[in-house]
Number of protein chains: 2
Amino acid sequence: MTKMRQTRQRAAILELLRSLKSHPTAAELHALVRKRLPRISLGTVYRNLDALARQGRIRKLVSGRAEARFDGDLRGHYHVRCTDCGRVGDVFGLELPNVDSAEPGRASGFEILGCRLEFIGVCPECRRRRTSPHDPASGTETDARVPGGLKP
Amino acid sequence: MTKMRQTRQRAAILELLRSLKSHPTAAELHALVRKRLPRISLGTVYRNLDALARQGRIRKLVSGRAEARFDGDLRGHYHVRCTDCGRVGDVFGLELPNVDSAEPGRASGFEILGCRLEFIGVCPECRRRRTSPHDPASGTETDARVPGGLKP
DNA sequence: CTCTCTGCAAATAATTTGCAACCCC
DNA sequence: GGGGTTGCAAATTATTTGCAGAGAG
């Protein structure tokens, strides 16, 4: 990763995103930034969002470009997703304390229906292949990395 | 939702998925089912996975077809995603107990880097628009719906 | 028989990428 | 000036959908 430059479009995207209370998609952001920089392209928005997230200056809320995966085992269990290859593993036998739904409901104004927790990690195969100094954060939201204790 | 028929392809997909310990993507599943039903199309696989998940007979692990969303606010907080419109809201001020990373690591064989938790709910706007008896589970993984207490 | 389902192919949608011009450092 | 960046357009990828024929009930 070489030196990152400060361009008009990058600054506009960052400033705009910081000024918003919402969590826009790339397309929404593009429409908004366009008011100030009418010629900015969607591709540039994507490239900058990626760069900024990779730097940790903004946060990317999951999903984008990951295929859906399916599980035929209905027993309750958690999942771990490999940051390198996307593979998903199972975590059976883990008991976590319940979360009170009233609190997030009050804080957000949403009617809370449930919640979802998944672990982020590196699968055995990818770990083996990890010799070169791989890039740090993929930029995708991955809350904490507290050794021994994770902030859900 | 009318009566669902029992077809050869649907049965094969379900049986195959149940027999697997992995969490295949639709394409991977398609390749596998094809060994038994060489003429089955990818479209049929998608349609059946969706139907089965909607019925709760299999589980769909997030992502597919949701656009990425971005957040310029780096202060630690959680998110709620609206099941109806996809909008994302913030949950500030929620303190949850940490999760021990050793346990999931041991259970899965993965090197655990972090975890991610997001709430699922209905945003104020969609709730207002909710008069008709909307369809229940979208099929997408949403762990528990314990009133007052959510299983993370 | 009647509908739901299937295979096939074309259509969407989100995101990525190749390339020549551009402009930040 | 040199190399990261941009706009544009074409390319990928994942998933959806229209349609006519097939097959489950």
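Note: hydrogens, waters and symmetry copies are ignored here, and every other heavy atom, side chains too, is used. Note that the structure is a prediction, hence the values are computed from the model and not measured. Below, chain A is the first sequence line, B the second, and so on; all start at residue 1.
- Within the structure, every side-chain polar atom (N or O) of S41(B) is placed at least 4.0 Å from both OP1 and OP2 of dC8(C).
- Between the CG atom of L42(B) and the P atom of dT6(C) there is a distance of 13 Å, given to the nearest Å.
- Taking atom CD of residue Q55(A) and atom P of nucleotide dG4(D), one finds them 14 Å apart after rounding to whole Å.
- Minimum atom distance to the side chain of A26(B) is reached by dT15(D), of the listed dT6(C), dG7(D), dT15(D).
- Separating the CD atom of E67(B) from the C1' atom of dA14(D) is a distance of 13 Å, rounded to the nearest angstrom.
- When heavy atoms are screened at a 4.0 angstrom cut-off, I40(A) is found touching the sugar-phosphate backbone but no base atom.
- C123(A) and C82(A) get closest at one heavy-atom pair: N-SG, 3.4 Å.
- Scanning for side-chain contact (heavy atoms from CB on, under 4.5 Å) contacts around S41(A) gives T44(A), with sequence neighbours left out.
- The closest side-chain heavy-atom distance from H79(B) to V91(B) is not below 4.5 Å.
- What you find for R81(B) and L61(A) is that their closest heavy atoms are NH2-CB, 4.1 Å.
- Look at E103(A) and R106(A) and you find a salt bridge, because one of the NZ, NE, NH1 or NH2 atoms lies within 4.0 Å of a carboxylate O, short of that distance.
- Checked against salt bridge (charged side-chain N to carboxylate O under 4.0 Å, His left out), R8(A) has no partners two or more places apart in sequence or in another chain.
- What separates NE2 of H30(B) from C1' of dA14(D) is a distance of 14 Å, to the nearest Å.
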Under 3.5 Å, which N/O atoms of the protein pair with N/O atoms of nucleotides 23-25 of chain C?
| residue | atom | partner | partner atom | Å |
| --- | --- | --- | --- | --- |
| dC24(C) | O3' | Q6(A) | O | 3.2 |
| dC24(C) | O2 | R5(A) | NH1 | 3.1 |
| dC25(C) | OP1 | Q6(A) | N | 3.1 |

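- Of the possible polar contacts, none joining the H23(A) side chain to the F70(B) backbone as a donor-acceptor pair under 3.5 Å is found.
- Residues R127(B) and F110(A) share a closest heavy-atom pair of NH2-C, 3.7 Å.
- Within the 4.5 Å cutoff, the side chain of L17(A) has heavy atoms near those of the P24(A) side chain.
- In this structure, the CG atom of L29(B) is 15 Å from the C1' atom of dA14(D), given to the nearest Å.
- For Y46(B), taking side-chain heavy atoms from C-beta onward, the closest of the listed nucleotides dA14(D), dG7(C), dT16(C) is dA14(D).
- In this entry the distance linking CD of E28(A) with C1' of dA14(C) reads 13 Å, nearest Å.
- Taking five base pairs at each end of the helix from dC1(C)-dG25(D) to dC25(C)-dG1(D), the local helix axes there meet at an angle of 40°, rounded to 10°.
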Below 3.5 Å, can you tabulate the donor-acceptor pairs from side chains in residues 27-37 of chain B to any protein atom, sequence neighbours excluded?
| residue | atom | partner | partner atom | Å |
| --- | --- | --- | --- | --- |
| E28(B) | OE1 | T25(B) | N | 3.0 |
| H30(B) | NE2 | I40(B) | O | 2.9 |
| H30(B) | NE2 | L42(B) | N | 3.3 |

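- As rounded to whole Å, 8 Å separates atom P of dC5(C) from atom CG of N48(B).
- Between M4(B) and A51(B), the closest heavy-atom pair is CE-CB, 3.4 Å.
- Between V45(B) and F70(B), the residue whose closest nucleotide on DNA chain C is further toward the 5' end is V45(B).
- The nearest whole Å value for the distance from the CZ atom in R10(A) to the P atom in dG4(D) is 12 Å.
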Mind listing the N/O atom pairs, protein and nucleotides 19-21 of chain D, below 3.5 Å?
none

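- F119(B) places none of its side-chain heavy atoms less than 4.5 Å from the side chain of S108(A).
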